[in-house]
Amino acid sequence: QVQLVESGGGLVQAGGSLRLSCAASGRTFSSYAMGWFRQAPGKEREFVGDISWSGVNTYYADSVKGRFSIARDNAKNTVYLQMNSLKPEDTGVYYCAAGATRTMVRTNPESWGQGTQVIVSS
């Protein structure tokens, strides 16, 4: 089991940028595929993107493709979500998740962070 803590959320104007961080502890971070999800008020949790354990492979939801990017630094036990060209519809609580594989991250993550709130004003 790995413990995850997100940070970096806040209030930003449309068109601006934020970088979220997810710090991991407890087990070998480099063994896990990682993902990001978000949940807007009144809506179901939505998949944002993921990254393989090596950091070589990434995948993004169509809603964020071209604007968001995921990276990881295994030496620092941290995964990042860089968010550019933010839109009001990006508003929500953002969560990181860990799993043995990328498919496991998407369907049944082993661990979740507590979430960090992002608000994009129009």
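In this text, all values refer to a predicted model and were calculated from it rather than measured experimentally.
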Quick one: [atom1] on [X] to [atom2] on [Y], what's the gap to the nearest 0.5 Å?
X   : Y    : atom1 : atom2 : answer
L81 : S21  : CG    : OG    : 9.5 Å
Q39 : Q117 : CD    : CD    : 11.5 Å
S85 : F68  : OG    : CZ    : 9.0 Å
S7  : L20  : OG    : CG    : 8.0 Å
S54 : N74  : OG    : CG    : 8.5 Å

Taking the side chain as everything from C-beta on, heavy atoms only, tell me whether [X] gets closer than 4.5 Å to [Y].
X    : Y    : answer
L18  : V118 : yes
D50  : T58  : no
P109 : M104 : no
R67  : K87  : yes
M34  : C22  : yes

* To do: Count the heavy atoms belonging to other residues, nucleotides or ligands that lie under 6.0 Å from OH of Y59, then report whether that count exceeds 12.
  =>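 No, not enclosed.
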
hydrophobic_cluster_shared for [Y] and [X], side chain cutoff 4.5 Å:
X    : Y   : answer
W112 : L4  : no
Y80  : I51 : no
V105 : Y94 : no
W36  : V12 : yes

* To do: Assess R38 against Y95: is NZ or CZ under 6.0 Å from the centre of the six-membered ring, and within 45 degrees of the ring's axis?
  =>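 Ring-cation test returns no.
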
* Axial cation check for W53 ring with R72, 6.0 Å and 45° limits ->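 So R72 doesn't make the cation-pi contact.
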
Is there a donor-acceptor contact under 3.5 Å from the side chain of [X] to the main chain of [Y]?
X    : Y    : result
E6   : G115 : yes
T91  : I119 : no
T78  : K76  : yes
S111 : V2   : yes

* **Considering all heavy atoms, the nearest I70-G49 contact** =>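 In this case the closest contact between I70 and G49 is CD1-C, 3.3 Å.
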
* Relative to each other, are the rings of F37 and F47 parallel, tilted or perpendicular (30° and 60° limits)? -> perpendicular

